[in-house]
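Worksheet for the structure shown next.
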Amino acid sequence: MHSYNPAAIEKKWQTYWLKHKTFKTPMDRSKPKYYVLDMFPYPSGSGLHVGHPEGYTATDIMARYKRMKGFNVLHPMGWDAFGLPAEQYAVQTGTHPRITTEHNIKRFREQLQAIGFSYDWDREVNTTDPTYFKWTQWIFLKLYEMGLAYEDEVAVNWCPELGTVLANEEVIDGKSEVGGYPVVRRPMRQWVLKITAYAERLLQDLDDLDWPKSLKDMQRNWIGKSVGAEIDFAIQGYEVEKIRVFTTRPDTLFGATYMVLAPEHHLVDIITSEQQRSSVQEYVETSAAKSDLDRQELSKEKTGVWTGAFAIHPVTKKQIPIWIADYVLLSYGTGAIMAVPAQDERDWEFAEAFDLPIVRTVEPEEGFTGKAYTGDGPAINSDFLNGMGVAEAKTTMIQWLEDHGVGSKAINYKLRDWLFSRQRYWGEPFPIIHTDEGAVPLSEDQLPLELPKVDNYQPTGDGEPPLANATEWVNITDPATAKPAKRETNTMPQWAGSCWYYLRYISPDWEGGPVDPDYESYWMPVDLYVGGAEHAVLHLLYARFWHKVLFDLGVVSTKEPFQKLVNQGMILGEMEYTAAQKNEKWIPIDEADETSDKIRLADEEVEKKGDHFVIKGTDIRIEARAHKMSKSRGNVINPDHIIEEFGADSLRLYEMFMGPLEQVKPWSTKGVDGVNRFLHRAWRLLVNEESGELKSTIYEIEPNKEQLKVLHTVIKKVSEDIDAMRFNTAISALMIFVNEANTWSQMPKALAQNFVQILSPFAPHISEELWVKLGHQESIAYQHWPVFDEQWLVDNEIMYPIQINGKVRAELFVSTERAMDKQYVLEQAKANEKIQGYLEGNRLVKEIFVPKRIVNLVIAPR
RNA sequence: GCCAAAGUGGCGGAAUUGGUAGACGCGCACGACUCAAAAUCGUGUUCCUUCGGGAGUGUGGGUUCGAUUCCCACCUUUGGUACCA
């Protein structure tokens, strides 16, 4: 028997591709280019999960398709290999992270090759390779030279459990994103990158990118631009000091009834009166001790203390009290606000709590019953602004402030500078030494600066990084001054290496810089970048920032790195039915709590009643949903097992057939079975299972009209669907073709070849094998993509659905020549026997004729 | 709370410049082949029905000859974000 046997053919073709370097990226630049990129993985110890191959299959189909369409394709893969898990493993076992990492990379590479991805493996990059991170360090030096990297003593997110500092983005609800450990604020000396200097460009340049709207919105929100004014308030009894506030509502200045400083604001100490000093101090201390989590939990009630000081209103010259409160953040704006309770909900709450005056300066809409009014309306109680709408009042007030030298238009961003150091071992060392004179960068020729060997990978308890233990490495002599100096012991965060890896693929061996400018100008930008939505703000914002810096340096030629971006949706585990029991009795799932037992039911134990699933034969509601795959839930699907049972082509096909790429969707191993059956049918369509040869019904004959129509329909559909990345419907079209072709008694060989060609991006192994059986010696990878011909799609008859009052009641077949003849078609429609029945006894009110689409007859009772 | 996306058979999903709702696949049922099973092939499969039809794309309205598609309100789910002045 020679039935379809993926185990036999897949290994064979994977070996063939590697041996012949089938997918080596062409070095000629005569053809149009297509750079298709995957987000490279962190090679974890648990290996690939089924989520990885989803995006990777999509890009592989694009890569294979574009090659056949005559493009030079750059389709590389690499490893984002610095990171915490390998280091934690090192802490536990003493195994050097490099060994763990290499081992994991080997496993990942084998797994990816077993799925038949067409990567150019000669371009593999590894962020932990000194020849790679030499250039990560080089870029850091450039950032330093440009004044975009600086050291600062900042209150950071310190995670005692992980022994490291985290970026704001790595803290979720006051806990670490990795592990969910508590995070506290703590001042520390840190490297910071001035991403805020690029805020405006990072915001503006989003407009021209072909990215999902939701993702652009996320980045816009993250950057958080707001336009308003900065206003200076004089302080009663002080000549020099002023309180500068930022506000988006300068039009409400007349409603400012008090001021609030952040507890950490530098003026607090200066202006606090003697009577208030002890209570202010107490408040400052308690809020400093609070972690972010505490602040959020206590956020419902506003707290604060009066400083005893007064500010002078810049227009009215009235005295208004100055408070401190932790609802004002030092890190945003100027760390001080003018409080306008009537037009700001937070200020209203605070004013209510402490009995401070409230003055409305915007007339609320009629019927407004709320407290603070943030909508538009005419200004009131506002002197020269009275009667103006919000927008006009804003510009008028800004003009007044500028004229009087007490304020000006201002823009603020939520985006903060990027905390760039980590107290870890397994990361890029900073090319920096600390001397008496301060931080001094290494010169380029001293790169790469490699990690020293250490005996202990654990951070010291007080937050000194593990590298501090490597005293021989740390203590050096400054070559410039011959004085003793110390190396920087922090390392860079994992994001560093992934900020520019897409450039290294272009010229992985180039020694003159991060990327060979000659090839950079050919390959950039990335034409298609596919990865998970979890990187929407972190990686993608950081990489864009670095790219813009490199653009300013002339290292790259495009202002944005990734022209088109697609997020693949997560793959969930299999659908699960869960019922609840309390004291051994079934209860509806929505009444279940911690004390009830959750019991998983099999498919045949449940049924759907109305909108809900219930236990079969009862009305007891259960939960029906798919969950995120996780080890603890035990619903993780291992791609190795799927390949073993069904083959890589089936895995690829199923991952694409499940649904739209961007969507979250549940896994179903039964579904893999379905696409596997399709591949068996496709095989049997062409191969005689007795002999293993091409079927005798396939030979060089002229295709008939019907066959050409079926063929060109599928070519058109598959081509258009790949272009639009609608892989699920493309596969459906291939299935329809096979179902059709199976009814033919004989098949023209040319037609069989075209089918195998358009199947090949999806299921490359079986396609290579069938290609050989069709008599070819070369790989199918560079065959020309078939061109569809519109002429074969034209029917000689057109079917018109005939509707009566919008409901289809009959079908009418009209020859193509007469199909546009409105009068004729309507006549035929009305003559239809079935339609006659409807017309009888009724009045024909209206006749709708849409060419080549539909006929609708509107009738009414006589 | 705010921003965004999405709600279609038992399940995954298809169809949107408004024109036959449910393609394709899973599951299920029946039939063929088989001693039998698996595999394979074939037929059917939105629901209700008095077999004439009727209802139907989260809910309620609206626009239209015609709405899954457009508009308004609401509900639910998912993702993001949260004292950002």
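Source: prediction; values computed, not measured.
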Open item on the list: If the cut-off is 4.0 Å, is A:Lys665 near the phosphate of B:C11, judged by side-chain N/O to OP1 or OP2?
Closed with: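 It does not, given that no N or O in the side chain of A:Lys665 lies less than 4.0 Å from OP1 or OP2 of B:C11.
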
Open item on the list: With a 4.0 Å limit, can you tell me whether A:Arg853 has a side-chain N or O closer than that to the phosphate oxygens OP1/OP2 of B:G66?
Closed with: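 A:Arg853 to B:G66 OP1/OP2: no side-chain N or O under 4.0 Å.
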
Open item on the list: To check you understand the geometry: which heavy-atom pair defines the closest contact between A:Trp348 and A:Ala342, and what is its length?
Closed with: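 That would be CE3-CA, 3.9 Å.
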
Roughly how many Å is it from [atom1] in [X] to [atom2] in [N], rounded to a whole number?
X	N	atom1	atom2	answer
A:Lys807	B:G19	NZ	C1'	14 Å
A:Glu605	B:C28	CD	P	15 Å
A:Lys616	B:G27	NZ	P	16 Å

Could you work out which one of [options] sits closest to the side chain of [X]?
X	options	value
A:Arg677	B:C11, B:G27, B:U20	B:G27
A:Met218	B:G54, B:A23, B:G80	B:G80
A:Val808	B:A85, B:G27, B:U20	B:U20
A:Arg684	B:U40, B:U81, B:C65	B:U40

Task: Minimum side-chain heavy-atom gap A:Ile642-A:Ile637 below 4.5 Å - done: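 Yes - at least one pair of side-chain heavy atoms lies under 4.5 Å apart.
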
Determine the Euclidean distance between corresponding [atom1] atoms of [M] and [N]; express it in Å to zero decimal places.
N	M	atom1	value
B:U76	B:C30	C1'	39 Å
B:C75	B:U63	C1'	23 Å
B:G7	B:U69	C1'	14 Å
B:G58	B:G13	P	14 Å

Task: Test item: A:Asp721 side-chain N/O and A:Ala730 main-chain N/O as donor-acceptor pair under 3.5 Å - done: yes

